[in-house]
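Below: one structure, written as structure tokens.
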Protein chains: 2
Amino acid sequence: MSTIKDVAREAGVSLGTVSNVLNGKPNVKKENKEKVQKAIRKVGFQYNMAASFLRTKTSKNIGLIIPSITNPYYPELARGVSDSARIASLTVFLCNDDRDVSKEHRYVDELLSKGVDGIILVKPQMNLTELQELNRHTALVLVDVGEDIGTEFHVINVCDEQGIIQGMTLLRQYGHKKIAFVSGLLESYSSKCRVQTYRRCLADYGFDYRPEYVISGNYDWQSGYTAARQLMQLDDPPTAIFTSNDLMALGAIKSTLEKGIRIPEELSILGFDDIDMSNLCTPALTTIHQPKYEIGIESMNMLLACMNGETPKNGMKTILETRLVFRDSVGYA
Amino acid sequence: MSTIKDVAREAGVSLGTVSNVLNGKPNVKKENKEKVQKAIRKVGFQYNMAASFLRTKTSKNIGLIIPSITNPYYPELARGVSDSARIASLTVFLCNDDRDVSKEHRYVDELLSKGVDGIILVKPQMNLTELQELNRHTALVLVDVGEDIGTEFHVINVCDEQGIIQGMTLLRQYGHKKIAFVSGLLESYSSKCRVQTYRRCLADYGFDYRPEYVISGNYDWQSGYTAARQLMQLDDPPTAIFTSNDLMALGAIKSTLEKGIRIPEELSILGFDDIDMSNLCTPALTTIHQPKYEIGIESMNMLLACMNGETPKNGMKTILETRLVFRDSVGYA
DNA sequence: TTGTACGCGTTATCAT
DNA sequence: ATGATAACGCGTACAA
């Protein structure tokens, strides 16, 4: 592989000049510029980013750490950051941490040693001090993290509260009073937030809170499947099931359909997330849309701002809106 | 950020010694090793991979280029390479090229300049000479590429032919003679292969080939949706629809269900790929399983072999098997 | 076993 | 506008 040295020799100019044309600096004679470009093609020059990094301290790489790309929620988000990164000529490292703190740490160290210009960390598992430490070392954007996070961080959240309220409002409008809720893993901030808001709505509406109507799932469709089964075996089963994500809603649909229960005539099911498949299944899932792609875009854009130090030292926080998507799985009680 | 120089000073040893402990070389006195490790923690040392790359020419990074992570086929594959990369302490760049040659080129150049140790290129769009050129410059594994590719390449394919035969055999066993086929984008190698095998099976079974039974889709569920609609409006509609991927099959199910056609009683639908959702929909989709995760694993492993030069200069090629997954969308004609 | 000097490819700073 | 040269942080000979 040839270097700018070879190019310089071939073109009969100095190293500095070659570097200048490579970086599009204006102060290069047209003639020399052409000579250099010709030489580049001739010697088969390949730019070496690592060498550049040594001087400039910027790698044009960023890290994206997510639970798992296999979770249907994340491909869209990843695509958002990827597209936005592309525009900024950044390349992205994909890291799946499986919500495992040690994997998360390992990836962070790795990314740091690879000199990324910034990190987008989704659903961080590490503790506050560690996050602060990390925030000092690199540009950092946190996605889907507790409301109580300090203002020193740049964060992107979705308004879970709003989403749940939208869902509960709909169910009440359709005459449902017996509303069950299938939550996600309670370790996660947004999961907890969703259940809490569910309970608050119940109270606001003057509906009874029934412990047997709240089941904690783990985001897999299987857990929605068994949760629905369990709920429908109750002496006084709910008329609507609100699940904390779409996958569990689809599982719930599957299990109730198998039991011969008709949706939405006999049971309403409401999801959360609006993953692609929700529109494809039969009946199409009524759900709360999360702007996953936009979350990706916004995260990357915020990271860019953070990298440019545009936001001094006080954090930024943007909260994206949810939206009800009415399809076929919710009907009158 | 501190360097090994700082560590050396703090520990009171030489640069070389620090380097040796960092790289786990055996020839370091235990006492010094401990001193160094303590110093590393004390000065907050952060290893600089770029500097290392300059000497060693290995970055511990690889590039994965796929059409789009948003296509439900790819997250599993990506997860496979990611998991396998993790074991080898490699980090992966995620690149979506949208089956666009220019994007593909841009990513390849970018990856090369970033000094990746290898590239996994799925569904390459560039021409043979370009691939050969690339193959000379870096470790390269091609995934899902034409049978006629030269032996100088390392390739991983799935046996599309086998898959189609498995599907057609099943449909024949269930008494279907009027079998429609919805293909994918005909630019892709495997798409073409699938249609051709479909036609060959028809001939082998002595069934009529009817042009109106073959519709070309584009892998979206929408194209499966309209294709099925179109097919069922024929004067003599098929009794089974075989689609070239699951997404289109799910679209087909959706549209026929909406028309009140029962599956599988009145119409059988058979998919290809076995994406996650196939099992979740109602009726669950009978389909041809592709080992997507394993493809990812194998690609990465082959790339490792290629990086180590284990396979001299003659290419390697492994073809993974498909498997019929019988669920609820295929019944007797 | 440990220390030293040099090279890796690029950019920044000067001086011209 | 251009050229020469010193950094950047690490690995690796080779010498001690």
Side-chain angles (χ1 to χ4, degrees), chain A residues 1-37 39-40 43-61 89 109-117 137-138, chain B residues 1-37 39-40 43-61 89 109-117 137-138:
Chain A
M1 210 72 305
S2 52
T3 75
I4 59 169
K5 233 176 225 169
D6 305 309
V7 175
R9 197 183 322 111
E10 176 68 31
V13 299
S14 77
L15 286 177
T17 304
V18 177
S19 177
N20 285 335
V21 327
L22 248 27
N23 294 292
K25 295 277 169 67
N27 53 340
V28 178
K29 221 199 294 178
K30 211 175 191 175
E31 187 193 321
N32 279 336
K33 191 170 171 178
E34 284 162 11
K35 275 201 289 186
V36 168
Q37 286 167 338
I40 285 177
V43 304
F45 167 73
Q46 181 57 253
Y47 187 84
N48 186 324
M49 197 63 192
S52 165
F53 175 77
L54 222 46
R55 291 290 303 177
T56 63
K57 304 287 189 194
T58 79
S59 62
K60 290 288 190 181
N61 294 152
S89 298
D109 280 353
E110 208 166 293
L111 292 174
L112 252 25
S113 84
K114 302 214 169 173
V116 290
D117 296 340
H137 284 315
T138 186
Chain B
M1 211 74 300
S2 50
T3 76
I4 58 170
K5 229 177 232 168
D6 304 310
V7 175
R9 195 181 326 111
E10 176 69 29
V13 299
S14 77
L15 288 174
T17 304
V18 178
S19 176
N20 285 336
V21 326
L22 249 26
N23 295 290
K25 296 276 169 66
N27 52 340
V28 179
K29 217 198 294 176
K30 210 175 192 177
E31 187 193 320
N32 280 335
K33 191 168 171 180
E34 284 162 10
K35 274 200 289 186
V36 168
Q37 286 167 338
I40 285 178
V43 303
F45 167 73
Q46 183 56 255
Y47 189 85
N48 187 325
M49 199 62 191
S52 164
F53 174 77
L54 227 43
R55 292 284 314 172
T56 61
K57 302 288 189 193
T58 79
S59 62
K60 290 288 193 180
N61 293 152
S89 297
D109 280 354
E110 207 165 295
L111 292 174
L112 252 26
S113 84
K114 302 214 167 173
V116 290
D117 296 340
H137 284 316
T138 187

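Below, read A as the first sequence line, B as the second, and so on, with proteins coming before strands; counting in each chain starts at 1.
Of the possible polar contacts, none joining the B:Ser19 side chain to the B:Leu15 backbone as a donor-acceptor pair under 3.5 Å is found. The closest donor-acceptor contact from the side chain of B:Ser113 to the backbone of A:Met49 lies at 3.5 Å or more, if one exists at all. Checked by atom type and distance alone, the side chain of B:Lys114 pairs as donor or acceptor with a backbone atom of A:Lys60 at under 3.5 Å. Side-chain N or O atoms of B:Asp117 include one that pairs as donor or acceptor with a backbone N or O of B:Ser59 at under 3.5 Å.
With the nearest nucleotide of DNA chain C identified for both B:Thr17 and A:Asn20, B:Thr17 has the one nearer the 5' end.
In this entry the distance linking CG of B:Asn23 with C1' of D:dC10 reads 9 Å, nearest Å. Here D:dC10 presents its P atom at 15 Å from NZ of A:Lys114, a figure rounded to the nearest Å. Going from atom CD1 of A:Ile4 over to atom C1' of C:dT11 covers 8 Å, rounded to whole Å. Rounded to whole Å, atom P of C:dT10 lies 17 Å from atom NZ of A:Lys60. Atom P of nucleotide C:dC6 and atom CG of B:Leu15 are separated by 14 Å, given to the nearest angstrom. Atom CZ of A:Arg9 is separated from atom C1' of D:dG3 by 16 Å (rounded to the nearest Å). Rounded to an integer number of Å, the gap from B:Asn27 CG to D:dT12 P is 12 Å. As rounded to whole Å, 15 Å separates atom C1' of C:dC8 from atom OH of A:Tyr47.
Side chains of A:Leu112 and A:Thr138 form a contact here, defined as non-hydrogen atoms less than 4.5 Å apart. For the pair A:Phe45 and A:Leu22, the minimum side-chain heavy-atom distance is below 4.5 Å.
Nearest heavy atoms, B:Thr3 versus B:Asp6: N-OD2, 2.7 Å. Residues B:Val28 and B:Lys25 approach most closely at CG2-O, 3.9 Å, considering heavy atoms. Closest approach of A:Ser2 and A:Gly44 over heavy atoms only: OG-O, 3.3 Å. Here the closest heavy-atom approach between residue B:Lys33 and residue B:Val21 is recorded as CA-CG1, 4.2 Å.
Within the 4.0 angstrom heavy-atom criterion, no nucleotide atom of any strand lies near B:Glu31. Contacts of A:Lys25 with the nucleic acid, taken as non-hydrogen atoms under 4.0 Å apart, involve only primed sugar atoms and P, OP1 or OP2. Contact annotation for B:Val28: backbone-only contact, meaning every heavy-atom pair under 4.0 Å involves sugar-phosphate atoms and none involves a base.
Interface residues of residues 48-59 of chain A facing DNA chain D, ordered by number: A:Leu54, A:Arg55, A:Lys57; criterion, heavy-atom separation under 4.0 Å.
Relative to the side chain of A:Ser14, the nucleotides C:dT1, D:dG3, D:dA1 differ in distance, and D:dG3 lies closest. For B:Ser19, taking side-chain heavy atoms from C-beta onward, the closest of the listed nucleotides C:dT1, D:dT12, D:dC10 is D:dT12. In the set C:dT10, D:dG3, D:dA1, the nucleotide with an atom closest to the side chain of A:Phe45 is C:dT10.
One finds no side-chain N or O of A:Thr3 lying less than 4.0 angstrom from the OP1 or OP2 phosphate oxygen of C:dG9.
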Polar atom pairs between nucleotides 14-16 of chain D and protein, under 3.5 Å, N or O only, would you list them?
none

